[in-house]
Amino acid sequence: MGYGMSRLEDEYYEPEVQETDGSSSVKVNDEFPKLHNDIFHMTRMRSGLSESIYKSMGTNRGIISTAKLLSGREVDCSGKGMFSSGDRAFVLGRYVPMNGPEFLDRMDSRAYVSQFSADGTLFVAGFQGSHIRIYDVDRGWIVHKDIHARSLRWTISDVSLSPDQRYLVYSSLAPIIHIVNVGNAARESYANVTDIHDGLDFSQHEDVQYAFGIFSVKFSSDGRELVAGSNDESIYVYDLHANKLTLRLPAHTSDVNTVAFADESGHLIYSGSDDTLCKVWDRRCLSTGQAAGVLTGHLHGITHIDSHGDGRSFISNGKDQAIKLWDIRKMMSNADSCADGAPTWDYRYSRYPKHHQQLKHPHDQSLATYRGHSVLRTLIRCYFSPAYRLADRKLQN
């Protein structure tokens, strides 16, 4: 399949700092993000030009035109007869497809959730009209499983595949999460007709006094637990083996739109909320009810968080039209939300005002900010690309 290509005018920002005279400027903290951040080194190594290219061109590090790179390849300036994988990533990273996207499927209701499986072989999409479809990527995106959900309130708000890809859970704006076996051979799964969609009740906790909706749900890496974020400002943890709720944690001052386990240990949980804060929770020391740390940088509510899986790094997407990369070693013990001071805007009804795009958080702790996409009408997700497919962890949105 061929694509016409055009230059990619992407936007990349380092956090701004406030000068003593009131002006702002961009300052790069070379020591922390560059010397200590694994993602920086991985990205530079796997998506940058090789040393042989710079030597063959007789130039120091800097911008080399695509035409010059292609010309050098044709005369074998590097002595390798071809681009390295990093060279190819560098060239392709400067362009985006013009002809596309290609329609793979069309439903009769809005798609609210979409994500790849951890190994990139499956793609899951959840629709407002009680539908969830799992596509087999390696077999031409054919429908691997067609799930007809039950007892929805408004829409499917999130889905999550178990690590072994045998089970899927889906949530709605209700305190019940349903789990369904997707490892069997049947293509169709009708709730309580062809398959049992067991309901897991997250309201069975002594502190719960009213009904709530669940915005986010994720499996732990061992498949034994679920973590969920809700519109009652709380985080929930459910033990699947014990079949009971084990934790309710009042976590934010507004809706908890997204949660994720930080790594394989399951000790750390990341959360993001409409209060604009990203928080880190350590389940080993929750006696005080306080987060282990807080990260500030978003101006509007956070729509999604995806962990890099190393227990240190994650990305978040916000209603301020920005994806941010974080390292929890920069977190503070506490911080105030800036939601009250941010300009009023409702992502459900209008586009983000252009004059808001220049606003910066005065205490942005993120390592990098990525812009160029839109967050409108739904809680747009962001993910690291499956490592299995790209051999590194780039961002997808």
Side-chain angles (χ1 to χ4, degrees), residues 1-5 85 88-89 92 96-152 155-172 177-198 216-219 221 223 226 260 304 306 309 317 373 377-397:
M1 183 186 304
Y3 287 97
M5 307 294 283
S85 60
R88 291 194 295 271
L92 292 175
V96 294
M98 289 178 62
N99 301 333
E102 177 185 357
F103 281 106
L104 296 173
D105 200 359
R106 186 185 293 273
M107 303 294 287
D108 57 5
S109 64
R110 297 175 181 176
Y112 271 79
V113 186
S114 62
Q115 66 183 80
F116 282 99
S117 60
D119 63 5
T121 60
L122 300 176
F123 185 80
V124 185
F127 300 85
Q128 188 174 11
S130 303
H131 245 86
I132 302 169
R133 282 191 168 174
I134 303 176
Y135 301 89
D136 191 324
V137 177
D138 290 340
R139 298 175 61 194
W141 292 78
I142 65 170
V143 177
H144 172 71
K145 201 77 172 180
D146 196 358
I147 301 169
H148 299 258
R150 60 171 291 198
S151 304
L152 292 188
T155 185
I156 292 169
S157 58
D158 204 4
V159 298
S160 182
L161 271 174
S162 63
D164 60 7
Q165 299 182 5
R166 291 181 56 198
Y167 295 95
L168 177 142
V169 292
Y170 60 88
S171 63
S172 179
I177 287 178
H178 293 94
I179 184 168
V180 55
N181 184 350
V182 296
N184 54 39
R187 179 179 178 274
E188 300 281 340
S189 175
Y190 287 86
N192 296 348
V193 177
T194 61
D195 276 320
I196 300 298
H197 293 199
D198 286 326
S216 178
V217 59
K218 293 292 180 291
F219 271 100
S221 60
L226 297 174
H304 195 256
D306 189 38
N317 193 32
H373 63 292
R377 298 184 181 89
T378 62
L379 299 177
I380 303 296
R381 273 67 173 175
C382 63
Y383 296 95
F384 287 101
S385 294
Y388 165 80
R389 294 205 158 264
L390 297 185
D392 64 8
R393 306 280 275 175
K394 297 180 181 178
L395 306 181
Q396 66 179 26
N397 169 254

Item to check | Sequence neighbours excluded, every pair satisfying salt bridge (Lys or Arg N to Asp or Glu O under 4.0 Å) that has a member inside residues 181-196 | outcome: none
Checklist entry - Which value, rounded to the nearest 0.5 Å, describes the distance between L168 atom CG and S162 atom OG? => result 8.0 Å
Item to check | From S216 atom OG to L226 atom CG, the distance as rounded to the nearest 0.5 Å | outcome: 11.0 Å
Next on the checklist: Run the side-chain hydrogen bond (donor to acceptor under 3.5 Å, both in side chains) test against D136 and tell me which residues pass, sequence neighbours left out.
Outcome noted: none
Checklist entry - Taking S172 for the side chain and L152 for the main chain, is one N or O donor matched with an acceptor at less than 3.5 Å? => result no
Next on the checklist: Can you confirm whether N317 sits close enough to R381 that some side-chain heavy atom of one is under 4.5 Å from a side-chain heavy atom of the other?
Outcome noted: no
Item to check | Test item: side-chain donor near acceptor, N181 and K145, under 3.5 Å | outcome: no
Next on the checklist: S171: which residues meet the side-chain contact (heavy atoms from CB on, under 4.5 Å) condition with it, sequence neighbours left out?
Outcome noted: S157, D158, I177, I214, V217
Next on the checklist: Test of understanding: with salt bridge (charged side-chain N to carboxylate O under 4.0 Å, His left out), list the residues that count as partners of R150, not counting sequence neighbours.
Outcome noted: none
Checklist outcome for this item: For H148, the ring-ring contact (aromatic ring centres under 6.0 Å, His included) test, sequence neighbours excluded, returns H131, Y190
Next on the checklist: Taking salt bridge (charged side-chain N to carboxylate O under 4.0 Å, His left out) as the definition, give me every residue that meets it alongside D198, ordered by chain and number, with sequence neighbours left out.
Outcome noted: none
Checklist entry - In chain order, what residues pass the side-chain hydrogen bond (donor to acceptor under 3.5 Å, both in side chains) check against D108, with sequence neighbours excluded? => result none
Checklist entry - Any donor and acceptor pair, going by atom type alone, linking the side chain of H197 with main-chain N or O of V180 inside 3.5 Å? => result no
Item to check | With sequence neighbours excluded, residues passing side-chain contact (heavy atoms from CB on, under 4.5 Å) with S160 | outcome: V169, K218, F219
Next on the checklist: Please find the pair of heavy atoms, one from D306 and one from Y383, that lie closest to each other, and give the distance.
Outcome noted: OD2-CA, 3.4 Å
Checklist entry - Where do A149 and A191 come nearest, in terms of heavy atoms and distance? => result C-CB, 4.1 Å
Checklist entry - Are V124 and I132 side-chain neighbours, meaning at least one heavy-atom pair lies under 4.5 Å? => result yes
Checklist entry - Any side-chain donor paired with an acceptor under 3.5 Å for D119 and Q165? => result yes
Item to check | Atom pair CD1/OG of I147 and S130 - distance to nearest 0.5 Å | outcome: 12.5 Å
Next on the checklist: Do Y135 and D105 have side chains that approach each other closer than 4.5 Å (heavy atoms only, starting at C-beta)?
Outcome noted: yes
Next on the checklist: Does the plane of the ring in F116 sit parallel, tilted or perpendicular to the ring in F123? Use 30° and 60° as the thresholds.
Outcome noted: perpendicular
Next on the checklist: Could you measure the distance from the CD atom of Q115 to the CG atom of L122? Nearest 0.5 Å is fine.
Outcome noted: 11.0 Å
Checklist outcome for this item: With sequence neighbours left out, the residues meeting ring-ring contact (aromatic ring centres under 6.0 Å, His included) with Y112 are W154
Checklist entry - Quick one: side-chain contact (heavy atoms from CB on, under 4.5 Å) partners of S109, sequence neighbours excluded? => result F127, Q128
